[in-house]
Novice: 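Sharing a structure here in structure tokens format.
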Amino acid sequence: MSAKIMDGKSFAKQLRADLKRQVAALSNSIGLGTILVGNDPGSVAYVEGKHRDCAEVGIDSIRINLAADASTDQVISAVTQLNNDPLCTGFIVQLPLPKTVDLQKVLSAINPAKDADALTPSNLGKLVLGSAKIIPCTPLAIIALLEEYKVRLSGQEVLIIGRGATVGRPLSILLSQKPHNATVTVAHSATKDLSKLAQSADLIISAVGSTHFFKAEMVKKGAVVVDVGITRVGDQLLGDIDPRVTEVASLFAPMPGGVGPVTRVMLLKNLFEMANK
Ligand SMILES: NC(=O)c1ccc[n+]([C@@H]2O[C@H](COP(=O)([O-])OP(=O)(O)OC[C@H]3O[C@@H](n4cnc5c(N)ncnc54)[C@H](OP(=O)(O)O)[C@@H]3O)[C@@H](O)[C@H]2O)c1
């Protein structure tokens with residue numbers, strides 16, 4: 001078997017073109033704010049990419065860059081500035097933050113109405129209740145990509161590897177809810193027999209961040225596999241999934257080129273929804 005590759009790059013290009021038309025038809029302008037703490041090359045590149053995407057679809061950009069040794073109070077004060085900026089429709093704080101900054105305090109300071117990545121306690125609470133209007137960008141991108149490739153979810157056995165607050169945990173809640181109706185298993189670092197769980201999964205989504213740790217032999221023949229994990233090795237970005245998985249899977253979203261480009265567009269789609277409210 002040779003898996004069909006889920007091409008996130010071309011899907012994202014098509015989504016950006018659609019969004020550009022929708023933004024042009026709006027009477028009001030839209031502005032994305034970003035708060036970047038420090039100069040980690042990966043985070044700098046992600047933030048640059050977000051501003052490039054904004055320019056492409058006609059969304060304004062507001063950037064706040066803070067030094068790597070910024071305190072929690074300094075980050076919260078940048079959050080307050082964007083909460084109060086009428087030109088900022090919504091914003092994100094680029095994660096991960098330095099370990100010295102209290103992430104939960106920062107996320108709690110974001111005005112939920114401007115929370116473009118839906119990571120505030122209030123927006124995550126709505127997600128659990130099934131009443132969220134804005135969904136965290138990566139889970140939203142994974143679901144959009146699966147829908148684009150017409151992957152059946154209802155009644156399917158889905159294994160999500162990783163229970164992080166930005167990907168695995170919200171995704172597990174979304175996929176188990178209506179209308180997706182999947183039967184979801186969440187694996188993490190204390191999971192005993194990942195291979196056994198993987199053998200019965202129709203869809204496997206890995207969001208761990210450990211290079212090629214998930215081997216092709218673990219996958220059931222014909223399963224759909226989505227790689228979300230990112231590890232930087234030198235100047236290369238590598239995923240969680242052993243690339244030989246294409247010999248066993250029916251559909252494969254690789255990293256890079258799968259979920260990542262779609263995640264970036266989902267941020268802009270969230271902003272568009274917020275501007276439209
Ligand atoms: N492609 C994209 O658009 C995109 C977007 C966002 C994030 N990402 C990437 O996705 C990955 C996950 O992000 P995150 O923010 O959710 O990270 P995170 O909060 O660090 O979560 C990682 C998860 O992996 C689990 N884990 C670690 N080793 C494991 C193992 N051997 N077997 C099973 N589970 C294991 C951890 O378990 P414990 O909970 O037990 O520690 C944890 O739940 C990262 O590589 C990140 O860079 C990609």
Side-chain angles (χ1 to χ4, degrees), residues 5-9 11-12 15-16 34 36 40-50 53 92-99 101 103-104 106-107 116-119 124 127 135-146 148 158-175 184-199 201 204-215 217-219 225-233 236-242 252-270:
I5 301 299
M6 298 162 92
D7 183 353
K9 256 186 160 172
F11 180 42
L15 289 172
R16 276 198 304 275
T34 58
L36 173 66
D40 167 74
S43 295
V44 171
Y46 288 134
V47 169
E48 288 299 327
K50 284 164 188 165
D53 291 347
I92 59 115
V93 177
Q94 181 65 39
L95 302 180
L97 284 171
K99 289 200 172 15
V101 175
L103 172 65
Q104 289 313 319
V106 169
L107 291 178
D117 204 9
L119 294 177
L124 284 176
L127 185 141
I135 307 281
C137 301
T138 311
L140 195 57
I142 294 165
I143 293 172
L145 196 59
L146 292 170
E148 173 67 9
V158 178
L159 173 63
I160 298 176
I161 313 170
R163 57 180 167 186
T166 52
V167 191
R169 210 175 319 162
L171 181 67
S172 67
I173 295 163
L174 287 165
L175 291 184
V184 179
T185 302
V186 182
H188 42 74
S189 64
T191 295
K192 275 192 192 143
D193 194 344
L194 192 57
S195 297
K196 190 173 165 205
L197 294 175
Q199 273 305 316
I204 297 166
I205 302 165
S206 185
V208 170
S210 174
T211 312
H212 298 175
F213 90 101
F214 192 85
K215 301 298 172 203
E217 294 71 30
M218 294 157 88
V219 176
V225 180
V226 176
D227 195 353
V228 189
I230 305 173
T231 326
R232 188 172 283 274
V233 180
Q236 248 192 317
L237 292 182
L238 298 174
D240 288 349
I241 311 275
D242 169 7
F252 176 47
M255 208 309 294
V259 173
V262 186
T263 299
R264 277 166 51 177
V265 192
M266 289 303 145
L267 176 64
L268 306 187
K269 271 182 99 69
N270 273 353

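When a ligand or atom number is given, it counts from 1 through the structure's own listing order. We count residues from 1, following the sequence as given.
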Novice: Would you please test Ile135 and Met266 for side-chain contact (heavy atoms from CB on, under 4.5 Å) and show each step?
Specialist: CA-CA 9 Å; Ile135 307 281; Met266 289 303 145; over 6 Å; no
Novice: Closer than 4.0 Å to some heavy atom of Gly209 - which atoms of ligand 1 meet that?
Specialist: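 Contacts of ligand 1 toward Gly209, numbered from 1: 45 (O).
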Novice: Indicate, as side chain, backbone, both or neither, the part of Thr263 found under 4.0 angstrom from ligand 1 when only non-hydrogen atoms are considered.
Specialist: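 It is the side chain that gets close, since no backbone atom is under 4.0 Å.
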Novice: Which residue supplies the protein heavy atom nearest to atom 34 (N) of ligand 1, what is that atom called, and how far is it?
Specialist: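 Of every protein heavy atom, His188 C, 3.2 Å lies nearest to atom 34 (N) of ligand 1.
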Novice: Nearest to atom 31 (N) of ligand 1 by heavy atom, Tyr46, Phe214, Phe213: which?
Specialist: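 Minimum heavy-atom distance to atom 31 (N) of ligand 1 goes to Phe213.
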Novice: Number the atoms of ligand 1 from 1 as they appear, then name those within less than 4.0 Å of a heavy atom of Gly229, with their elements.
Specialist: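 So the atoms of ligand 1 that pass are 10 (O), 11 (C), 45 (O).
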Novice: I need the nearest protein heavy-atom contact for atom 9 (C) of ligand 1: residue, atom name and distance, please.
Specialist: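 Answer for atom 9 (C) of ligand 1: Val228 O, 3.5 Å.
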Novice: Would you check if the side chain of Asp7 reaches a backbone N or O of Lys9 as a donor-acceptor pair within less than 3.5 Å?
Specialist: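 Yes, the answer is positive, given that a donor and an acceptor are paired below the 3.5 Å cut-off.
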Novice: List the closest protein heavy-atom neighbour of atom 25 (C) of ligand 1: residue, atom name, distance to the nearest 0.1 Å.
Specialist: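 Residue, atom and distance for the closest contact: Gly162 CA, 4.0 Å.
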Novice: State the atoms of ligand 1, each with its element, that fall below the 4.0 Å cut-off from a heavy-atom position in Ile161.
Specialist: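 This gives 33 (C), 34 (N) as the contact atoms.
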Novice: Protein heavy atom under 4.0 angstrom of atom 17 (O) of ligand 1, is there one?
Specialist: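 Under 4.0 Å from atom 17 (O) of ligand 1, zero protein heavy atoms found.
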Novice: Who passes side-chain contact (heavy atoms from CB on, under 4.5 Å) against Ala116, sequence neighbours left out?
Specialist: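 For Ala116, the residues satisfying side-chain contact (heavy atoms from CB on, under 4.5 Å) (neighbours in sequence not counted) are Ile92, Leu267, Leu271, Met274.
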Novice: Heavy atom under 4.0 Å from ligand 1: found in Thr138's side chain, backbone, both, or neither?
Specialist: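 Under 4.0 Å from ligand 1, Thr138 contributes side-chain atoms alone.
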Novice: Who are the side-chain contact (heavy atoms from CB on, under 4.5 Å) partners of Gln236, not counting sequence neighbours?
Specialist: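 side-chain contact (heavy atoms from CB on, under 4.5 Å) check on Gln236 returns Leu238.
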Novice: Output yes when a side-chain donor or acceptor of Asp240 lies under 3.5 Å from a complementary backbone atom of Thr211, and no otherwise.
Specialist: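 Such a contact is absent between Asp240 side chain and Thr211 backbone.
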Novice: When you look at Tyr46 and Gln94, which way does the side-chain contact (heavy atoms from CB on, under 4.5 Å) test go after all the steps?
Specialist: CA-CA 8 Å; Tyr46 288 134; Gln94 181 65 39; 3.9 Å; yes
Novice: So, does Asp227 use its side chain to make a donor-acceptor pair with the main chain of Pro254 at under 3.5 Å?
Specialist: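 Not confirmed, Asp227 side chain does not pair with Pro254 backbone.
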Novice: If you measure from each heavy atom of Thr191 to ligand 1, is any distance below 4.0 Å?
Specialist: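 No; Thr191 lies far enough from ligand 1 that no heavy-atom distance drops under 4.0 Å.
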Novice: With rounding to the nearest 0.5 Å, note down the distance linking CG in Leu194 to OG in Ser189.
Specialist: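 The distance works out to 11.5 Å.
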Novice: What distance do His188 atom NE2 and Arg163 atom CZ have between them, rounded to the nearest 0.5 Å?
Specialist: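 Answer for the NE2-CZ pair, His188 versus Arg163, is 4.0 Å.
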Novice: Quick one: nearest non-hydrogen protein atom to atom 43 (O) of ligand 1, plus distance?
Specialist: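 I find the closest protein heavy atom is Arg163 N, 2.8 Å.
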Novice: Is there a heavy atom of Ser210 sitting under 4.0 angstrom from any atom of ligand 1?
Specialist: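 No, Ser210 has no heavy atoms under 4.0 Å from ligand 1.
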Novice: Can you figure out which of Ala141, Ala207, Ser189, Gly260 has its heavy atom closest to atom 40 (O) of ligand 1?
Specialist: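 Comparing heavy atoms across Ala141, Ala207, Ser189, Gly260, the nearest one to atom 40 (O) of ligand 1 lies in Ser189.
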Novice: Test side-chain contact (heavy atoms from CB on, under 4.5 Å) on Ile205 and Ile161 and set out the steps.
Specialist: CA-CA 6 Å; Ile205 302 165; Ile161 313 170; over 6 Å; no
Novice: Considering only protein heavy atoms, which is closest to atom 7 (C) of ligand 1, and at what distance to one decimal place?
Specialist: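 The protein heavy atom lying closest is Val167 CG2, 3.7 Å.
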Novice: Take atom 20 (O) of ligand 1 and look for protein heavy atoms under 4.0 Å from it; say yes if you find one, no if not.
Specialist: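 No, there is none.
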Novice: What's the verdict on side-chain contact (heavy atoms from CB on, under 4.5 Å) for Phe214 and Ile204, showing C-alpha distance, side-chain angles and the deciding distance?
Specialist: CA-CA 10 Å; Phe214 192 85; Ile204 297 166; 3.9 Å; yes
Novice: Any nitrogen or oxygen of Ile230, main chain or side chain, under 3.5 Å from a nitrogen or oxygen of ligand 1?
Specialist: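 N/O-N/O distance below 3.5 Å exists for this pair.
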Novice: Just go through Val208, Val186, Thr166 and tell me whose heavy atom is the nearest to atom 24 (O) of ligand 1.
Specialist: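 Selected option, by shortest heavy-atom distance: Val208.
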